[in-house]
Amino acid sequence: MNTFELLGQGLLTALQWSNLLYALIGVTLGTAVGVLPGIGPALTVALLLPVTYRLDPAGSLIMFAGIYYGGMYGGSTTSILLNTPGESASIVTALEGNKMARQGRGGPALATSAIGSFIAGLVATLGLAFIAPWVVQFALSFGPSEYFALMLLAFMTVSAAFGDSTLRGLTALFIGLALGLIGIDQLTGQTRLAMGTPNLFDGISVTTLAVALFAIGETIAVVASKTAMDEKIEAVKGSVWMTKQDWARSWKSWVRGTAIGFPIGAMPAGGADVASFLSYSAERQFSKHPEEFGHGAIEGVAGPEAANNASAAGTLVPLLTLGLPTTATAAIMLAGFQQFGLQPGPLLFVSNATLVWGLIASLLVANFMLLVLNLPLIGLWVRLLTIPRPWLYAGILTFATLGTIGASASTFMIGPLPTSFELGLLLLFGLLGYLLRRFGYPIAPVVVGLILGPMAERSLRQALQISQGDPTVLVHSWISIVLILLAVAAVFVPMILRARGKGQMLSAMAGDED
Amino acid sequence: MRHFIATALAAGSLLVASQALAADYKIMAPAAPGGGWDQTARTMQAALQDEEISPSVQVINVPGAGGTIGLAQFVNQSNGDPDALIVGGYVMVGAILTNGSPVTLDQVTPIARLTGEYEAIVVPASSDIQDMAGLVAKLKENPGGVSWGGGSAGGTDHITAGLVAKAVGVDPTKVNYIAFSGGGEALAAILGGQVTVGISGYSEFSAQIAAGQLRLLGISSDEKIEGIEGPTFKEGGVDVAIQNWRMVAAAPGISDEQKAAISADIEKMVKSESWKKAVADKGWADTYLAGDAFAEQLKEDTASTETILKDIGLVK
Amino acid sequence: MSVLDDNPTRERRPDWAAFAIAIVLGIASAAIAWSTYNAGGIATTQPVGPKTVPYIVAACLFGLAIWTAVEALRGDFPEREEQQTAPIIWVVGGLIVQMLTIKTIGFSLATALMFTATAYAFNERRVWLTLPFGLVFCFLVWLAFARGLQLSLPAGPLERLF
């Protein structure tokens, strides 16, 4: 049988009534848990996986796909509406999305996110079906030196893209980098900056930091500010649906986001967060309305959300073809496959063709189901904003602390009193988030630094170790050279453009004087 | 928001409907949800409940520092509690030493080794190294020139690499070990030809070996394993055998009767159909070993691990 | 004097709070460098060891501290709105109480206290309404996640009843 026949057969299985029902339940459950602030897709999938155990393989797989997509979509919903991302990949979504929601444009923001996710998921799943072997070859050609070049590019573009002050953007980034140093150094096993506290040996959890800086920091900032407290949030201003202009501005971003997200997701050390950061900076570069960035630019939601979803499908490329789980969510999915005796790897497409194509078909169906379910529900989601503030924020903090303590139940003794260490960190970083907001520092670079810093350091040291100290290894392949050149361009091209822009403006002013 | 809770509750009640709420086991998984120890704990949970050995079993995740944070908490808080269990493994032995952990495995009551996995050394199919002898020759010629890709520093993979070097007379501190954040990332580096050899648990490589993308140079078991085509380290001329095992232990300070009762429950679980099926599904090897034999082996492992970690230079 | 203060240079006054940030950054930089310097060295043949990057980060943070100090003294930081401190204390206090008590009195009770304190901070003063609601809400959440979905959440006297 060829690929098309196999996919068709898979789709026929997935489209049976009972399986559609499982997909519906999966999407609903995934959205319901994923939408809780502070609970990201990885935790959602881990929590709901056991629910699928009781079904037959096909039904279980399809419900699982639904949970997966539902969890991701639910996470973006709260990021946009409440500015409380539960994981690193939806931080970028919160940046522009929440600004839109505050202007009463939460509806279009959710819509562009849903449609962008759908298109990206569709394209990337088809990519998974048809070009996975080539993508994986490309991804494997990335060794430590190529990753280091990619991280350089990410740093350069990302730090240039955030905030309006270079000083404060860089400071935020370096706070993140410093936090990233804490814990056991993976290459030598040496503990760094942990102040002798074993709870810090594994470093600062990205989720804890993200939830603290956003959910807790946001809550304190709102409650402390008289204007924010008096401000009336209008859930809907204008249409809840996307306007013609929204469509025109979104579709290119969806395409770009997909193009960035899929290959990066497929890389063994990539991930949805890196993809969404890069997509955000790309959108800022390409946008015809760069002045709107930071104030609710729809491209800044459309691109990263598409990238996020495309990279999630991209993650399945190494998972299915190599048996390589590259993210926390993928590792949990691997556990999900194993319950059916499925061992992902190079032989999977040969030995278990029916189930694999069934899974790919399930992903397509779940993706579609999500769109069908959620587009009509957007009007309902934005009503979240109409919950009176005391109840809303008390609820946000309840779920933020629940997600944090649920992932790590470690106890910290203060004298005879057992306390929760992770909640202590959450509070500490929450206060940091408030102070950063108060002094006009951007928040996202802190998390970016925490994620990219250790990756960059590791890649650099691995590369040098493999070459036994020869630094030319960093430019040994054309991929690294191209990436490094791009990184250099990312710094200098905007400078040159700005200089030229200024020049034109100066000449225009001179012209006026004439 | 109450609506979602209702939905979640409805899903939840499906799971709890059949469970009575009597005195039950609490299993600590000193790892994050999804990891190997967490899966072991949750598989135990399912088997104990399905076989009605225990009416309701709770799993508590306390991740961090190779399991030593969970271990410390377990030792401090569960003293004398006959319901408390902890899952652990060989990685913990190394982590206790490298992290300078204040508590050790001497302070818990070992019950049984449950599953185990052997370390495999592989090269890409295109590599010019054909067998263990070829690797040994290369290693002796230029120790730094052979880069080993495996899991994090001080873990089982690193320890095995050090043991192999030592056994063939190469200075273990000269081993050019490249730590990746887990077997998966290491696998990518091996397949991509970034490192000379790969070293990790056999299951990380089994699919690629079967597909002919990787060549298995040796496996760290004492004797040949059924279903694995390839020599052991010993057959390849390297006198090293190591097993990355997972175990279950009970709280410190429990009475002998309590220990016997737990041991009986665990034995019943290990012999049950649902445990056997789950272990097979997950591709684990059942290396059940209980009682004094296990305690003995634990002591041996601790001693040999301490020596090699000192040789590598990770522990002073 | 007051007349003089009204001229436009008033905005360019040193911003002492921002200057404090510069000092904190400087201290952090020194702490990282000091801690790295004192960490025990281990046998390594690597050219870029575990200490290289911490030193680089410390150096950059130090540079940023000086830059921040300059901007603070020139008053280049954005203007800040006046803050109400009482609500902050309520929110932070609620979180502290939850952190301290959650292991002893369980998830529902501890979180309900935090819930009530947060609602109070947001001007919902009807504690007779928020506390019982918070308790029921948190308990339902506990039931759903701890019992239903097997998430490990600390149990206290209330949870043990069920």
Side-chain angles (χ1 to χ4, degrees), chain A residues 33 47-48 50-51 167 170-171 174 177-178 181 185 187-193 195 216 219-220 223-227 229 388-391 393-395 397-399 401-402 405-406 409 411 414 417-420 423-424 426-427 430-431 434-435 438-440 453 457 460-461 464-465 468-469, chain C residues 17-18 21 25 28 32 35-36 39-40 42 44 46-50 53-54 57 60-61 64 67-68 71 77-78 80-85 87-88 91-92 94-96 98-100 102-104 107 111 114-116 118-119 121-124 130 134 137-138 141 145 149-154:
Chain A
V33 177
L47 284 175
L48 291 174
V51 179
L167 168 66
L170 279 177
T171 310
F174 271 88
L177 290 175
L181 293 173
D185 168 42
L187 273 84
T188 57
Q190 193 165 0
T191 317
R192 300 192 293 193
L193 307 177
M195 295 163 280
I216 313 279
T219 307
I220 301 177
V223 85
S225 149
K226 226 177 138 19
T227 38
M229 286 290 276
R389 276 223 184 82
W391 306 93
Y393 280 97
L397 291 195
T398 301
F399 288 113
T401 51
L402 168 112
I405 198 168
T411 303
I414 299 184
L417 186 69
T419 63
S420 167
L423 284 188
L426 191 75
L427 176 62
L431 285 170
Y434 164 66
L435 287 176
R438 174 124 175 87
F439 287 89
E457 184 194 357
L460 173 67
R461 286 170 57 195
L464 288 175
Q465 212 186 332
Q468 298 187 68
Chain C
I21 295 180
L25 287 175
I32 293 173
S35 164
T36 308
I42 58 165
T44 173
Q46 298 162 27
V48 177
V53 174
V57 171
C60 291
L61 272 179
L64 288 167
W67 189 355
T68 308
E71 284 216 354
F77 268 73
R80 292 184 295 278
E81 179 192 5
E82 205 170 311
Q83 302 282 286
Q84 323 179 71
T85 39
I88 301 187
V91 171
V92 174
L95 285 165
I96 291 177
Q98 184 198 21
M99 175 190 92
L100 293 178
I102 195 163
K103 293 278 174 179
T104 324
F107 176 82
T111 310
M114 185 276 293
F115 186 98
T116 312
T118 308
F122 279 90
N123 285 325
E124 178 54 75
T130 50
F137 175 67
C138 294
V141 168
F145 281 86
L149 298 174
Q150 305 290 339
L151 187 70
S152 48
L153 295 173

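Proteins get letters first, then strands, A, B, ... in listed order; numbering begins at 1 in each. Computed from a prediction, not measured in an experiment: that's the story for all the values here.
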task = May I ask you to name which of C/Ala18, C/Gly134, C/Cys138, C/Cys60 has the most heavy-atom pairs under 4.5 Å with chain A?
result = C/Cys60
query = Any idea how C/Phe122 and A/Tyr393 line up, ring-wise: parallel (<30°), tilted (30 to 60°), or perpendicular (>60°)?
reply = parallel
Shortest non-hydrogen contact between A/Ala224 and C/Gln83, atoms and distance = CB-OE1, 3.2 Å
inquiry  = For A/Leu427, which atoms come within 4.5 Å of any heavy atom of chain C: side chain, backbone, both, or neither?
reply    = side chain
inquiry  = We want to know whether A/Thr401 and C/Gln98 form a side-chain donor-acceptor pair, criterion being a heavy-atom distance below 3.5 angstrom.
reply    = yes
request  = Heavy-atom distances under 4.5 Å only: say whether A/Arg192 touches chain C with side chain, backbone, both or neither.
outcome  = side chain
key: Portion of C/Leu64 that has a non-hydrogen atom of chain A nearer than 4.5 angstrom   = both
query = Do you know which of A/Val223, A/Leu431, A/Thr398 has the most heavy-atom pairs with chain C at a distance under 4.5 angstrom?
reply = A/Val223
task = Measure across A/Lys226 and C/Glu81 and return the closest heavy-atom pair with its distance rounded to 0.1 Å.
result = N-OE2, 3.7 Å
ask   = In Å and rounded to the nearest 0.5 Å, what is the CD to OG distance from C/Gln84 to A/Ser225?
value = 7.5 Å
message = Heavy-atom pairs under 4.5 Å with chain C - which of A/Thr419, A/Leu167, A/Leu426 has more of them than the others?
response = A/Leu167
ask   = A/Phe439: what forms a ring-ring contact (aromatic ring centres under 6.0 Å, His included) with it, not counting sequence neighbours?
value = none
ask   = Which region of C/Thr130, side chain (C-beta onward) or backbone (N, CA, C, O), has a non-hydrogen atom less than 4.5 Å from a non-hydrogen atom of chain A, or is it both or neither?
value = both
remark   = Distance col, row A/Arg389:CZ vs C/Thr118:OG1, nearest 0.5 angstrom, shows 14.5 Å
task = Report yes if some heavy atom in the side chain of A/Leu402 is under 4.5 Å from a heavy atom in the side chain of C/Phe107; otherwise report no.
result = yes
task = Could you tell me the separation between the OG1 atom of C/Thr36 and the CG atom of A/Leu181, rounded to the nearest 0.5 Å?
result = 7.5 Å
inquiry  = A side-chain contact here means heavy atoms from C-beta on lying under 4.5 Å apart; do C/Glu124 and A/Pro388 qualify?
reply    = no
note = Tightest non-hydrogen contact, residues C/Ala119 and A/Pro390, listed as O-CB, 3.8 Å
inquiry  = I need the residue from C/Ser35, C/Ala121, C/Pro54, C/Gly94 with the largest number of non-hydrogen atom pairs under 4.5 Å to chain A.
reply    = C/Pro54
query = For the residue pair A/Ala178 and C/Ile32, what are the closest heavy atoms and their distance?
reply = CB-CD1, 3.8 Å
inquiry  = Less than 4.5 Å to any heavy atom of chain A: does that hold for the side chain of C/Leu100, its backbone, both, or neither?
reply    = both
query = With only heavy atoms counted, which part of A/Leu417 is less than 4.5 Å from chain C, the side chain, the backbone, both or neither?
reply = side chain
query = What part of C/Ala28 gets closer than 4.5 Å to chain A, counting heavy atoms only: side chain, backbone, both or neither?
reply = neither
task = Check whether A/Leu435 gets within reach of chain C through its side chain, its backbone, both or neither, counting any heavy atom under 4.5 Å.
result = neither
message = Heavy-atom cut-off 4.5 Å, strictly under: side chain, backbone, both or neither for C/Thr85 against chain A?
response = neither
task = Check the pair A/Leu423 / C/Leu95 against side-chain contact (heavy atoms from CB on, under 4.5 Å), numbers first and verdict last.
result = CA-CA 8 Å; A/Leu423 284 188; C/Leu95 285 165; over 6 Å; no
ask   = Does some side-chain heavy atom of A/Thr171 sit less than 4.5 Å from a side-chain heavy atom of C/Trp67?
value = no
message = Among residues at least two apart in sequence or on other chains, which ones pass side-chain hydrogen bond (donor to acceptor under 3.5 Å, both in side chains) with C/Glu71?
response = none
query = With a 4.5 Å limit on heavy-atom distance, are the side chains of C/Thr104 and A/Pro418 in contact?
reply = yes
task = Would you mind reporting whether C/Met114 and A/Leu397 have side-chain heavy atoms less than 4.5 Å apart?
result = yes
query = Can you name the closest pair of heavy atoms from C/Pro78 and A/Gly440 and give their distance?
reply = CG-CA, 4.5 Å
Contact winner vs chain A - C/Ile88, C/Thr111, C/Val91, heavy-atom pairs under 4.5 Å = C/Ile88
